[in-house]
There are 2 protein chains.
Amino acid sequence: MTTTVSTTVSSRRQQTRDRLIDAATELFAEKSIEGASVEEISERAGFTRGAFYSNFDSKEALCLEIVRRRGEELLETTRRALAVIPDAPVSVEWLEEIIAKVVTVLDVGFTLDDNWVLVREELRLYAYRHPTFRPALIEIERDANDLSMQALAAALDRHGASLRIPIDQLMLTLDAFCERTQLDAILAGDPVNGNSWRDGLERLVRAVVMLPPEDDTGAVGRSDQ
Amino acid sequence: MTTTVSTTVSSRRQQTRDRLIDAATELFAEKSIEGASVEEISERAGFTRGAFYSNFDSKEALCLEIVRRRGEELLETTRRALAVIPDAPVSVEWLEEIIAKVVTVLDVGFTLDDNWVLVREELRLYAYRHPTFRPALIEIERDANDLSMQALAAALDRHGASLRIPIDQLMLTLDAFCERTQLDAILAGDPVNGNSWRDGLERLVRAVVMLPPEDDTGAVGRSDQ
DNA sequence: TGTATCCGATACAGTGACGTATCCAATACA
DNA sequence: TGTATTGGATACGTCACTGTATCGGATACA
């Protein structure tokens, strides 16, 4: 139809959508999702309510878009972070290496936006109450998690290291730990440096990873996939 | 002044307060705190808005009361759970013993009410946005945490065991893990049996606790209470 | 330069929650 | 039995939010 026009059109539309999404994300952190009215969101974005409804069917549709975008960002950034991990096993200080990478990857989800933790928490609860929205959140979180998990599994495997607990439980635990630490920090009024919880994260990983049986050169054990 | 009357009066008043609090807790889990109106809370409790405002100054005051009560319940139940832990070191399977107790104690916070996890999450976010409410939540959570933590520390010490990570971090991690596992279960639509996360909890503790250097009889190391 | 389309603003009516002020019934006390 | 007090219900005015329907201006294309 108007395919030629839509390119220029879309760019404008995309911008207002972006601004609406940014404003919404901010407000979701400040007040809750329930607490932030469509009017307020539009206003902060510099538009009126009409513009909002012209771009999104509802607040839920906007939430969905937020999650979708964040999911893409997450996957993208995680991939970049993972690309840095060397394929070949590192002989010296390989544990440090692994831990550093794991921490970096997990960082991703939290470093992107200062109060994303709050919004994420909000979205989780929102999902519980909005059945149509729920599967989207679950799927996206799962995808992001799986990517990091597989990378970690591969890295550990390459270095012949093993874990004291199942890897999926480790991922969940690390994630939950980071989230909680940050929330506590925010509650306490501390700035979210990202430093306080990083140390804890490293300690946690270190405590759960088991070294390979006395191997100094770091030879490869088995490498399926 | 009317001290003699207040006893009889209070009992009636207390009942309506209880009903209001119960209704509110239910609704906070179903809809959010923001999402549950004073009108709806009163209605579910079998009263009208007038009764609500006769008993609480505001929704925030009610939240405060909820947290206060829950805190007391938590401390009380935790104390009972801890009372079961034997003072003397157990020679055989002492690790099992410790783990079981830790799990039990942590259970407390979650077993009391099926969807307390949701309400707790809500309250955490609510606290972030309501500065006057915040310190109450922080204090109560801290008190409950400290009680378990000290008990765990003492138990570990009696048995000469140590941890791979600082004990406060362990407590936070365990708590966060339980919470998250349950939230995930709720999101996935699974019933909150309390079984799925129990296993994980035990594994986690087991992975982090370090046995004393080859001691079969479980002799006491140091015991600075 | 004219015209069609698209996007956001404005106007409007409907809804629901809020907090207060007042009212009624039941209970306590004398 | 009469009176005072207390606990909860009802009624009221206000305000913010929702969603829709209509309008105006800008941009693209001929």
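Order of the sequence lines fixes the chain letters, A, B, ..., with proteins taken first and strands second; residue numbering starts at 1 for each chain.
- Candidate nucleotides dG8(D), dT18(D), dG8(C) were compared by shortest atom distance to the side chain of Ser54(B), and dG8(D) ranks first.
- Using a 4.0 Å heavy-atom cutoff across all strands shown, Thr48(B) reaches at least one base atom of the nucleic acid.
- The side chain of Asn55(B) contributes no N or O atom lying less than 4.0 Å from OP1 or OP2 of dG7(D).
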Start with the C-alpha gap between Asp184(A) and Leu172(B), add the side-chain angles, then the distance that decides, and say whether side chain to side chain contact (heavy atoms under 4.5 Å, CB included) holds. CA-CA 10 Å; Asp184(A) 281 359; Leu172(B) 190 144; 3.6 Å; yes
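- Distance, Ile33(B) CD1 to dA17(C) P: 17 Å, rounded to whole Å.
- In terms of position on DNA chain D, the residue among Gly50(A) and Glu40(A) whose nearest nucleotide sits closer to the 5' end is Glu40(A).
- The separation between Glu34(A) atom CD and dA17(C) atom P is 11 Å, rounded to whole Å.
- Sorted by first and then second residue, the pairs that involve residues 16-25 of chain A and meet salt bridge (Lys or Arg N to Asp or Glu O under 4.0 Å), not counting sequence neighbours, are Asp18(A)-Arg69(A).
- A distance-only check finds a donor-acceptor pair linking the side chain of Arg129(B) to the backbone of Glu30(A) [under 3.5 Å].
- Of the candidates dG8(C), dC12(C), dG8(D), the closest approach to any side-chain atom of Arg49(A) belongs to dC12(C).
- Between Ser37(B) and the phosphate of dG16(C), there is no side-chain N or O to OP1/OP2 separation shorter than 4.0 Å.
- Contact check, Arg13(B) against dG8(D): a side-chain N or O comes under 4.0 Å of OP1 or OP2.
- Summarising the geometry, the separation between CZ on Arg19(A) and P on dC7(C) is reported as 15 Å, rounded to the nearest angstrom.
- Distance, Glu39(A) CD to dC15(D) C1': 11 Å, rounded to whole Å.
- Counting to the nearest Å, the P atom of dA9(C) and the CD atom of Glu43(A) are 12 Å from each other.
- dG8(C) atom P lies 6 Å from atom CZ of Phe47(A), rounded to whole Å.
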Walk me through whether Glu141(A) and Arg124(A) qualify under side chain to side chain contact (heavy atoms under 4.5 Å, CB included). CA-CA 10 Å; Glu141(A) 293 236 323; Arg124(A) 207 194 302 288; 3.6 Å; yes
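- Residue Arg17(A) contributes atom CZ, which lies 13 Å from atom C1' of dC7(C) at whole-angstrom precision.
- Atoms CZ (Phe52(A)) and P (dA21(D)) sit 18 Å apart, rounded to a whole Å.
- No side-chain donor from either of Thr173(B) and Arg180(A) sits under 3.5 Å from a side-chain acceptor of the other.
- Ser58(A) comes within 4.0 angstrom of no nucleic acid atom, judged by non-hydrogen atoms across all strands.
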